[in-house]
Enquirer: 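Input: one structure, supplied below.
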Amino acid sequence: MPSPPPTSPAAAAAGYFEFRSAEHVPETHEWPGLHDHPSVDAVAVAGRDDAVPVVDLGGGDPAAVARALARAAEEWGAFLLVGHGVPAGVAARMEEQIARLFALPAADKDRAGRRPGEMNGYGRPPYALRFSRLMWSEGYTFATATIRDEFRRVWLDGGNDYLRFCEVMEEHHREMMALGKRLVDVFFRALGLTDEQIAAGETEREIRETLTATMHLNLYPKCPEPERAIGLAAHTDSGFFTLIMQSPVPGLQLLRRDPERWVTVPAPPGAFAVVLGDLFQLLTNGRFRSAFHRAVVNGDRDRISVPYFLGPPGNMEVAPLAAAVPPGRKPAFRPVTWPEYMRVKGKASGLDASALAMLQVPEEGGEGGVVPPKN
Ligand SMILES: C=C1C[C@]23C[C@@]1(O)CC[C@H]2[C@@]12CCC[C@@](C)(C(=O)O1)[C@H]2[C@@H]3C(=O)O
Ligand SMILES: O=C(O)CCC(=O)C(=O)O
Ligand SMILES: [Fe+2]
């Protein structure tokens with residue numbers, strides 16, 4: 001089957017082609033091992049609970065909310081967040097603007113193409129470069145601190161389309177940052193900290209107040225052969241946690257074990273999916289787990305997702321919180337900055353090893369260095 005032609009030289013470098021005119025999945029995008037584990041829906045059946053946890057922030061007993069969050073973070077490393085108070089209009093405006101961005105002529109998007117070694121821009125996410133096959137998605141990454149500069153690369157005239165787009169991204173950023181900070185405190189409570197300790201703890205305050213955010217826009221165009229392509233290949237996020245706004249079209253899947261299976265996360269309107277990252281696993285001394293996840297594509301409908309990656313500033317050393325280390329024990333991981341962790345993760349993926357395991361401190365008298373499989 002001949003591959004559809006790429007839209008432009010930069011699009012070819014980014015690995016994109018004209019998804020809309022594809023009648024088949026070309027060999028370049030055919031993904032190996034997609035069905036090594038079955039995909040299942042998020043339901044509870046006798047003896048096996050595949051119901052993705054739901055955490056409701058709205059109005060319940062704070063202690064009960066913290067317990068629900070602790071269970072989700074320990075057992076799944078992911079959950080659906082409802083009762084968060086973010087107005088529904090925000091997601092609707094985001095979907096509209098993102099669809100408009102990706103529908104722009106290739107030449108406009110190419111001007112913002114992510115160059116090698118750069119964090120921001122239009123193109124494949126960093127980890128995609130490890131794979132020889134391509135994914136069925138378009139992406140755009142940007143730091144929330146530089147939204148206006150970033151999108152002047154796309155809309156050179158700085159006109160109304162540009163202004164409207166930036167306003168909507170900024171609105172989403174404001175809502176997500178406020179929600180992220182609230183959630184950090186609920187995570188601390190879930191670790192067993194009292195409200196007084198959360199208010200007085202210097203480390204806890206620093207984590208909440210210096211949170212940084214990166215946004216990544218994903219468009220998964222509808223796919224003529226969804227069984228043969230992947231939207232986003234399996235990975236863990238590396239930061240603290242990710243708030244994911246998604247179209248009401250399921251696609252996000254979480255790997256569960258014993259037996260290994262991909263559980264599809266439902267996409268009820270208004271709910272955010274929350275996925276914990278590797279540095280949160282380190283921060284909580286391994287108590288809360290990062291989630292191995294991927295995004296599959298759909299035969300009938302496009303899907304948009306907006307992961308909002310929250311993490312520490314680049315110069316902050318992340319170490320296990322005292323509250324998460326059992327009395328009389330040493331922290332299980334050595335301190336690391338986010339950029340340093342990314343380098344370790346890059347090496348670990350080449351070695352097929354876990355980056356977190358490489359940062360583990362051997363227990364006295366124990367073997368050390370081994371993080372049990374995720375989920
Ligand atoms: C803040 C970030 C997290 C991320 C790398 C990035 O700098 C921006 C893109 C993010 C993303 C999205 C797709 C999967 C992922 C592993 C990737 O390669 O790029 C994540 C990164 C991450 O969480 O490590
Ligand atoms: O599309 C999704 O739901 C997940 C996206 C994701 O995991 C990512 O961009 O890191
Ligand atoms: Fe992710």
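Each ligand, and each atom within it, is numbered from 1 in the order the structure gives. One-based numbering along the sequence shown.
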Enquirer: Evaluate R303 for polar contact with ligand 2, using N/O atom pairs at a separation under 3.5 Å.
Expert: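 Checking ligand 2 against R303, an N or O pair does fall under 3.5 Å apart.
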
Enquirer: Does the protein put a heavy atom less than 4.0 Å from atom 4 (C) of ligand 1?
Expert: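 Protein heavy atom within 4.0 Å of atom 4 (C) of ligand 1: absent.
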
Enquirer: Using a 6.0 Å cut-off, check whether atom CG of N160 has over 12 heavy atoms from anything other than its own residue.
Expert: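 Atom CG in N160 is not packed in, count stays at 12 or less.
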
Enquirer: What atom name does the N, O or S atom of D237 nearest to the Fe ion (ligand 3) carry?
Expert: OD1

Enquirer: How close does the nearest protein non-hydrogen atom get to atom 8 (C) of ligand 2, and which residue and atom is it?
Expert: L232 CD2, 3.3 Å

Enquirer: Assess whether a salt bridge exists between R174 and E171, defined as any Lys/Arg side-chain N lying under 4.0 Å from an Asp/Glu carboxylate O.
Expert: no

Enquirer: Is any side-chain heavy atom of V90 less than 4.5 Å from a side-chain heavy atom of E95?
Expert: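 Not touching, per the 4.5 Å side-chain cut-off.
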
Enquirer: Going by side chain to side chain donor-acceptor pair (under 3.5 Å), Y122 matches just one of R114, R153, E150, E138. Which one?
Expert: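 Option passing the side chain to side chain donor-acceptor pair (under 3.5 Å) with Y122: E138.
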
Enquirer: What atoms of ligand 1 come within less than 4.0 Å of a heavy atom belonging to M119?
Expert: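 Counting from 1, the qualifying ligand atoms are 7 (O).
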
Enquirer: Mark the output for G277 as yes if a heavy-atom distance to ligand 1 is under 4.0 Å, and as no if none is.
Expert: no

Enquirer: Return the option from Y308, Y140, F309, Y127 holding the heavy atom at the smallest distance from atom 17 (C) of ligand 1.
Expert: Y127

Enquirer: Among all protein heavy atoms, pick out the one at the shortest distance from atom 4 (C) of ligand 2; state its residue, atom name and that distance to 0.1 Å.
Expert: L252 CD1, 3.8 Å

Enquirer: Enumerate the atoms of ligand 2 whose separation from the nearest heavy atom of H293 is less than 4.0 angstrom.
Expert: 7 (O)

Enquirer: Identify, by atom number and element, the atoms of ligand 2 in contact range of A295, meaning under 4.0 Å from any of its heavy atoms.
Expert: 1 (O)

Enquirer: Which atoms from ligand 1 have a heavy atom of T214 less than 4.0 Å away?
Expert: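 Near T214, meaning under 4.0 Å from one of its heavy atoms, ligand 1 has 1 (C), 8 (C).
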
Enquirer: What atoms of ligand 2 come closer than 4.0 angstrom to any heavy atom of P307?
Expert: 5 (C), 8 (C), 9 (O)

Enquirer: For atom 21 (C) of ligand 1, is the nearest protein heavy atom under 4.0 Å away?
Expert: no

Enquirer: Using a 6.0 Å cut-off, check whether atom CZ of R148 has over 12 heavy atoms from anything other than its own residue.
Expert: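 Enclosed.
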
Enquirer: Near H216, which atoms of ligand 2 are under 4.0 Å from a heavy atom of that residue?
Expert: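 Counting from 1, the qualifying ligand atoms are 9 (O).
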
Enquirer: Please name the atom of H235, restricted to N, O or S, that is closest to the Fe ion (ligand 3).
Expert: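 The closest N, O or S atom of H235 to the Fe ion (ligand 3) is NE2.
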
Enquirer: May I have the step-by-step check of ring pair (Phe, Tyr, Trp, His ring centres under 6.0 Å) for H235 and F292, ending in yes or no?
Expert: CA-CA 5 Å; H235 63 279; F292 201 53; 7.8 Å; no

Enquirer: Do me a favour and list the nearest non-hydrogen protein atom to atom 16 (C) of ligand 1 with residue, atom name and distance?
Expert: H235 CD2, 3.8 Å

Enquirer: Which atoms of ligand 2 have any heavy atom of N218 under 4.0 Å away?
Expert: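 So the atoms of ligand 2 that pass are 5 (C), 9 (O).
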
Enquirer: Would you say the ring centers of F187 and F280 fall short of 6.0 Å from each other?
Expert: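 F187 vs F280: aromatic centres under 6.0 Å.
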
Enquirer: Would you check if S39 and R261 make a side-chain contact, meaning some heavy-atom pair closer than 4.5 Å?
Expert: no

Enquirer: Just jot down the ligand 1 atoms closer than 4.0 angstrom to any heavy atom of W338, in number order.
Expert: 1 (C)

Enquirer: For atom 8 (C) of ligand 1, what's the nearest protein heavy-atom neighbour? Residue, atom name and distance, please.
Expert: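 Going by distance alone, atom 8 (C) of ligand 1 is nearest to T141 CG2, 3.5 Å.
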
Enquirer: Answer with side chain, backbone, both or neither: which part of F142 has a heavy atom less than 4.0 angstrom from an atom of ligand 1?
Expert: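 Under 4.0 Å from ligand 1, F142 contributes no heavy atoms.
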
Enquirer: Using only atom types and a distance under 3.5 Å, with no angle test, would you say the side chain of H172 pairs donor to acceptor with the backbone of Y308?
Expert: no

Enquirer: Any side-chain heavy atom of V265 within less than 4.5 Å of one from L254?
Expert: yes

Enquirer: Can you report which non-hydrogen protein atom sits closest to atom 13 (C) of ligand 1, along with the distance?
Expert: P125 CB, 3.7 Å

Enquirer: Among protein heavy atoms, which sits nearest to atom 24 (O) of ligand 1, and what does the distance come to when rounded to 0.1 Å?
Expert: S238 OG, 2.6 Å

Enquirer: Could you tell me which N, O or S atom of H293 is nearest to the Fe ion (ligand 3)?
Expert: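 For H293, the N/O/S atom sitting closest to the Fe ion (ligand 3) is NE2.
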
Enquirer: Nearest protein heavy atom to atom 19 (O) of ligand 1, by residue and atom, and its distance?
Expert: P126 CD, 3.3 Å

Enquirer: With side chains defined as the heavy atoms from C-beta onward, is the minimum distance between L104 and F102 less than 4.5 Å?
Expert: no

Enquirer: Look at the side chain of R133 and the backbone N and O of E30, then say whether any donor-acceptor pair between them is shorter than 3.5 Å.
Expert: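 Checked: pair present.
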
Enquirer: Hey, does M342 sit under 4.0 Å from ligand 1 if you only count heavy atoms?
Expert: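 Contact check M342 vs ligand 1: positive.
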
Enquirer: Looking only at protein heavy atoms, identify the closest one to atom 2 (C) of ligand 2 and say how far it is in Å.
Expert: S305 OG, 3.4 Å

Enquirer: Tell me, which protein residue and heavy-atom name are nearest atom 10 (O) of ligand 2, and how many Å apart are they?
Expert: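 Minimum-distance protein heavy atom for atom 10 (O) of ligand 2 reads H235 NE2, 3.1 Å.
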
Enquirer: Is atom 10 (C) of ligand 1 in close reach of the protein, with a heavy atom under 4.0 Å away?
Expert: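 Yes.
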
Enquirer: Taking the side chain as C-beta and beyond, is there a heavy-atom pair between L279 and V336 under 4.5 Å?
Expert: yes

Enquirer: Given side chains that start at C-beta, do those of P307 and L243 come closer than 4.5 Å, heavy atoms only?
Expert: no

Enquirer: T236 versus ligand 1: do any nitrogen or oxygen atoms come within less than 3.5 Å of each other?
Expert: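 No; the residue has no nitrogen or oxygen that sits under 3.5 Å from a nitrogen or oxygen of the ligand.
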
Enquirer: What part of D237 sits under 4.0 Å from ligand 2 if we count only heavy atoms: the side chain, the backbone, both or neither?
Expert: side chain

Enquirer: Counting only nitrogen or oxygen atoms and a 3.5 angstrom limit, does Q246 reach ligand 2?
Expert: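 No.
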
Enquirer: What I want to find out is whether R93 reaches E167 closely enough, with some N-O distance under 4.0 Å, to be called a salt bridge.
Expert: no

